[in-house]
Engineer: 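Attaching a single structure in structure tokens format; questions to follow.
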Amino acid sequence: TQLLEQSPQFLSIQEGENLTVYCNSSSVFSSLQWYRQEPGEGPVLLVTVVTGGEVKKLKRLTFQFGDARKDSSLHITAAQPGDTGLYLCAGLTPTSGTYKYIFGTGTRLKVLA
Amino acid sequence: GAVVSQHPSRVICKSGTSVKIECRSLDFQATTMFWYRQFPKQSLMLMATSNEGSKATYEQGVEKDKFLINHASLTLSTLTVTSAHPEDSSFYICSAPNSYGYTFGSGTRLTVV
């Protein structure tokens, strides 16, 4: 079974602080996505990274895909209360001829005003 | 963009009854649909993969007779939770790959009382 471990599991910080969320696996993924999910809603895609070593920026969010395509990180600069939510990484892997996304264990972020 | 419409958004049922959840692709053909379950404060767990016109593929530990999946057309996949019990209470989400990536439904909150 492929596992995507995220750390930390929970994070509570003050507005304006920086943070990094990690997504690690022993498996290689074709691509990796990051999502944010609000309670009672489906996940919303933030970014897709495909190439080992790739770095993508989305406003205050910086995403990096590991060189070996086994891990990824999400860095948020100057966090805001609106960043509060469940952050999920998802790795694309071929299984039985079908590509599917396997989700990480999740990181619950709370940004206090 | 691609849209997946999921219904119902919330359902409360009595123990022992069956509940059907529908996911429709509104502007694209979904040959594949992934079904996930999410327990409170946890990540998404892949339950099964449905393919139009063929039998669904279930992940290890998921009872196929308990969670019936039908993918009879290119725009509709259904998940039926049969003889539901309180432990089946969860958030169920579908996702379909398309030219824009993977699009998620808005989820169904199932509560079995």
Side-chain angles (χ1 to χ4, degrees), chain A residues 1-12 21-25 27 29-50 56 63 74 84-110, chain B residues 1-11 21 23 30-52 54-62 69 71 89-111:
Chain A
T1 303
Q2 294 165 308
L3 289 175
L4 272 168
E5 295 284 343
Q6 284 183 237
S7 61
Q9 276 188 291
F10 304 96
L11 190 57
S12 181
V21 177
Y22 299 93
C23 175
N24 295 295
S25 175
S27 302
F29 294 100
S30 304
S31 65
L32 192 140
Q33 295 184 327
W34 283 92
Y35 292 82
R36 185 172 71 200
Q37 185 182 22
E38 304 283 346
E41 298 179 11
V44 175
L45 178 65
L46 296 174
V47 77
T48 300
V49 285
V50 179
K56 280 191 175 180
F63 305 86
L74 157 61
T84 294
L86 175 66
Y87 288 82
L88 298 164
C89 63
L92 184 64
T93 180
T95 303
S96 302
T98 301
Y99 277 85
K100 58 184 74 172
Y101 273 102
I102 303 299
F103 279 83
T105 48
T107 295
R108 193 164 296 278
L109 171 65
K110 187 170 185 178
Chain B
V3 177
V4 172
S5 176
Q6 184 170 348
H7 293 281
S9 57
R10 293 177 181 273
V11 58
I21 301 170
C23 278
T31 56
T32 300
M33 189 74 73
F34 299 106
W35 287 93
Y36 295 87
R37 181 167 60 183
Q38 184 177 33
F39 290 108
K41 299 184 179 180
Q42 294 187 24
S43 185
L44 279 71
M45 296 297 296
L46 182 63
M47 298 174 65
T49 303
S50 73
N51 295 290
E52 188 268 334
S54 62
K55 289 184 178 180
T57 304
Y58 290 81
E59 298 298 306
Q60 192 173 9
V62 178
I69 290 176
H71 197 148
S89 297
S90 189
F91 193 55
Y92 294 87
I93 308 177
C94 60
S95 174
N98 53 80
S99 59
Y100 294 93
Y102 285 71
T103 301
F104 283 85
S106 53
T108 297
R109 171 77 59 197
L110 170 64
T111 303

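Chain letters run A, B, ... following the sequence lines, proteins first, then strands; residues in each count from 1.
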Engineer: Report the residue from B/Phe104, B/Phe34, B/Tyr102 that forms a ring pair (Phe, Tyr, Trp, His ring centres under 6.0 Å) with A/Tyr101.
Structural biologist: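 Option passing the ring pair (Phe, Tyr, Trp, His ring centres under 6.0 Å) with A/Tyr101: B/Tyr102.
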
Engineer: Please classify the contact of B/Leu44 with chain A as side chain, backbone, both or neither, using a heavy-atom distance under 4.5 Å.
Structural biologist: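 Both parts, heavy atoms under 4.5 Å.
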
Engineer: I'd like to know if A/Lys100 and B/Glu59 make a salt bridge, using a cut-off of under 4.0 Å between side-chain N and carboxylate O.
Structural biologist: yes

Engineer: Does any heavy atom of chain B fall under 4.5 Å from the side chain of A/Gln9, the backbone, both, or neither of them?
Structural biologist: neither

Engineer: For the residue pair B/Thr31 / B/Glu52, report whether a side-chain donor-acceptor contact shorter than 3.5 Å exists.
Structural biologist: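 Note: B/Glu52 and B/Thr31 side chains miss the donor-acceptor criterion.
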
Engineer: Is B/Gln38 close to chain A through its backbone or its side chain, or both, or neither, when contacts mean heavy atoms under 4.5 Å?
Structural biologist: side chain

Engineer: Looking at B/Gln6 and B/Gly107, would you say the former's side chain and the latter's main chain have a donor-acceptor pair under 3.5 Å?
Structural biologist: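 Yes, the answer is positive, given that a donor and an acceptor are paired below the 3.5 Å cut-off.
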
Engineer: Examine whether an atom of A/Leu88 lies under 4.5 Å from a heavy atom of chain B, and if so say whether it belongs to the side chain, the backbone or both; otherwise answer neither.
Structural biologist: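 Side chain only.
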
